[in-house]
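Numbers restart at 1 for each chain; the letters A, B, ... are given by sequence-line order, proteins then strands.
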Amino acid sequence: MPELPEVESIRRQLEPLLCGRHVIRCDSHPSVKFLPAREIIGMGFESVNRRGKYLLFGLDDGNEMVIHLGMTGQLLPVSDLSDPHLRAWWEFDNELILGYRDIRRFGRIRICKPNQYDGTLKTMGPEPLSDDFTVEQFHSTLKKSSRKIKTQLLSQRPVAGVGNIYADEACFRAGIYPGVRRLTKAQARDLHESIRYVLSIAVENGGTTLRDYVNVEGKEGTNQHFLTCYGRWDQPCLNCGEPLRRTVIDNRGTTFCGNCQRR
DNA sequence: TATGTATCCTGTCGGC
DNA sequence: TGCCGACAGGATACAT
């Protein structure tokens with residue numbers, strides 16, 4: 001499930017591969033989710049950027065191809081175009097064929113003008129590892145909603161790029177129960193610091209591979225070996241030793257420590 | 001406008 | 001061994 005660290009790892013590897021290259025052939029799965037992949041034939045790639053969990057490919061006609069990897073999306077060189085999970089592919093003028101594999105088809109591809117986004121991209125909060133992500137702005141945004149903190153984080157509005165794994169990790173590190181609806185300024189500061197910490201470490205580790213995630217080289221990340229909370233229910237809390245618990249918050253599996261993360 | 005819920009998808013796993 | 005249902009979850013459409 002690619003979140004910010006996984007998408008950033010992919011972006012860093014794709015940038016030198018694609019910039020300056022032109023698409024000479026391409027095709028896609030007939031689903032409307034993936035059809036826009038066919039629209040960039042003949043175009044050149046000028047940049048590979050990221051916003052939250054979205055990859056933004058700058059094209060030489062001034063538009064951007066936006067790819068969200070969903071749950072199981074992968075971008076990597078391919079040779080077998082009969083792969084049943086291949087949803088789109090682009091052949092470049094250096095014989096590279098970049099494939100978009102997506103087993104569950106939760107991802108999507110679209111073409112749009114830069115900074116003229118809709119949906120989540122339009123309402124997305126600041127990049128968590130940038131100077132734009134401040135405690136004041138973060139606390140102010142959280143105060144505007146009465147939804148549970150984890151739900152707010154997953155909405156991408158208070159901050160970009162946080163998914164289920166890093167929401168659990170950050171709440172655990174901050175000692176905040178993910179189901180609370182209001183945070184004090186001090187709690188917001190702790191959560192702000194924790195989000196930046198867990199994402200920074202995950203980027204350094206090349207992302208978290210639990211099942212499907214691999215980078216452009218087909219290699220798994222290593223951050224799964226450093227998770228302190230997500231997916232560790234029934235295992236002892238690394239702080240207090242109590243068994244971690246599992247619950248469901250807004251239809252998302254959630255791991256927490258009932259002792260360290262008080263409601 | 002804010003909030004909550006259903007839906008899309010398919011591989012995996014556990015129960016029978 | 002094989003079948004079947006539950007489950008995983010990000011974004012979005014829809015209902016309240």
Side-chain angles (χ1 to χ4, degrees), chain A residues 1-8 10-11 28-37 50-56 65-75 83-88 100-112 117-125 127-128 140-171 178-182 195 199 202 207-214 220-221 223-224 227 229-234 244-256:
Chain A
M1 49 207 81
E3 303 180 27
L4 185 150
E6 292 76 37
V7 178
E8 176 61 19
I10 290 169
R11 188 203 69 77
S28 79
H29 185 277
S31 164
V32 293
K33 291 180 173 182
F34 310 117
L35 269 177
R50 179 191 56 74
R51 183 77 173 92
K53 305 173 195 174
Y54 292 82
L55 282 164
L56 311 172
M65 179 169 69
V66 179
I67 297 183
H68 190 288
L69 299 171
M71 293 286 297
T72 54
Q74 301 172 339
L75 280 166
D83 179 346
H85 297 132
L86 193 65
R87 310 305 181 192
Y100 174 64
R101 298 184 77 246
D102 187 356
I103 293 171
R104 295 189 207 174
R105 290 162 52 183
F106 270 36
R108 58 187 62 78
I109 299 171
R110 53 186 147 170
I111 309 295
C112 60
Y117 308 122
D118 55 9
T120 301
L121 255 179
K122 183 179 182 180
T123 59
M124 185 174 283
E127 284 295 313
S140 172
T141 304
L142 291 177
K143 282 196 296 186
K144 291 176 184 172
S145 172
S146 61
R147 305 188 91 177
K148 295 169 183 171
I149 291 303
K150 179 168 178 176
T151 306
Q152 291 207 58
L153 293 177
L154 297 183
S155 79
Q156 309 298 302
R157 291 190 180 213
V159 62
V162 176
N164 207 36
I165 295 172
Y166 301 111
D168 277 9
E169 289 293 305
C171 286
V180 298
R181 296 176 185 270
R182 299 287 182 193
I195 290 169
L199 292 176
T208 301
T209 299
L210 296 175
R211 186 174 294 179
D212 300 293
Y213 168 69
V214 293
E220 298 183 348
N223 197 61
Q224 61 275 16
L227 296 178
C229 179
Y230 178 87
R232 295 188 64 249
W233 64 87
D234 291 339
L244 295 177
R245 300 185 194 172
R246 185 180 185 281
T247 187
V248 176
I249 292 178
D250 287 340
N251 294 319
R252 297 291 174 254
T254 300
T255 311
F256 69 101

Taking the side chain of Ile103(A) as heavy atoms from C-beta outward, which of dT10(B), dA11(C), dC8(B) is closest to it?
dT10(B)
Report the distance from atom CG of Asp102(A) to atom P of dG11(B), rounded to the nearest whole Å.
11 Å
Sugar-phosphate only, base, or nothing, as touched by Gly70(A) at under 4.0 Å among non-hydrogen atoms
nothing
Side-chain N or O of Ser146(A) closer than 4.0 Å to phosphate OP1/OP2 of dT3(B):
yes
Length of the line joining Leu154(A):CG and dT5(B):P, which is rounded to integer Å:
15 Å
Mind checking whether Tyr230(A) and Thr254(A) have side chains closer than 4.5 Å, heavy atoms only?
no
Does dG9(C) have Phe106(A) stacked on its base, where the ring centres are within less than 5.5 Å and the planes differ by under 30°?
yes
Can you check the Asp118(A) CG to dA13(C) P distance for me, whole Å?
9 Å
Got His29(A) and Arg105(A) here, is their nearest side-chain heavy-atom distance under 4.5 Å?
yes
Where the side chain of Asn251(A) is defined as all heavy atoms beyond and including C-beta, which of dA6(B), dG4(B), dG10(C) is the nearest nucleotide?
dA6(B)
Indicate yes or no: at least one non-hydrogen side-chain atom of Thr208(A) is less than 4.5 angstrom from one of Glu6(A).
yes
Please work out whether the ring planes of Tyr100(A) and Phe34(A) are parallel, tilted or perpendicular, with thresholds of 30° and 60°.
tilted
Among dG10(C), dT3(B), dG4(B), which is the nearest nucleotide to the side chain of Ser145(A)?
dT3(B)
For a quick test of reading the model: is some side-chain N or O of Arg105(A) closer than 4.0 Å to OP1 or OP2 of dT10(B)?
yes
When you check the gap from the basic side-chain N to the acidic O, do Arg50(A) and Glu8(A) get nearer than 4.0 Å?
yes
At less than 3.5 Å, do the side-chain atoms of Arg104(A) and the base atoms of dG11(B) form a donor-acceptor pair?
no
Contact class for Tyr117(A) (heavy atom, under 4.0 Å): base, sugar-phosphate, or nothing?
nothing
Taking only the side-chain nitrogens and oxygens of Tyr166(A), find out if one of them lies under 4.0 Å from OP1 or OP2 of dG10(C).
no
In this structure, how many angstroms lie between the P atom of dC9(B) and the NE2 atom of His68(A), rounded?
16 Å
Is the distance from OP1 or OP2 of dT12(C) to the nearest side-chain N or O of Arg110(A) less than 4.0 Å?
yes
Phosphate OP1/OP2 of dG11(B) contacted by Thr72(A) side-chain N/O (<4.0 Å):
no
Can you tell me how far P of dC7(C) sits from CZ of Arg252(A), to the nearest Å?
14 Å
Go through dA11(C), dG10(C), dT3(B) for me and flag the one nearest to the Thr120(A) side chain.
dA11(C)
Side-chain N,O (Arg181(A)) to OP1/OP2 (dG4(B)) below 4.0 Å
yes
Please determine whether a side-chain nitrogen or oxygen atom of Lys148(A) lies at a distance below 4.0 Å from atom OP1 or OP2 of dG4(B).
no
Just the rounded figure in Å: distance from P of dG9(C) to CG of Leu153(A).
15 Å
His85(A) has a side chain; which of dA11(C), dG11(B), dG9(C) sits nearest to it?
dG11(B)
Are Asp234(A) and Arg245(A) ion-paired here, with the side-chain N under 4.0 Å from a carboxylate O?
no
Write down the distance between CZ (Arg157(A)) and C1' (dA11(C)), rounded to a whole number of angstrom.
12 Å
Can you tell me the distance, in whole Å, between the OH atom of Tyr100(A) and the P atom of dC9(B)?
12 Å
Taking only side-chain nitrogens and oxygens of Gln156(A), does any of them come within less than 4.0 Å of OP1 or OP2 of dG10(C)?
no
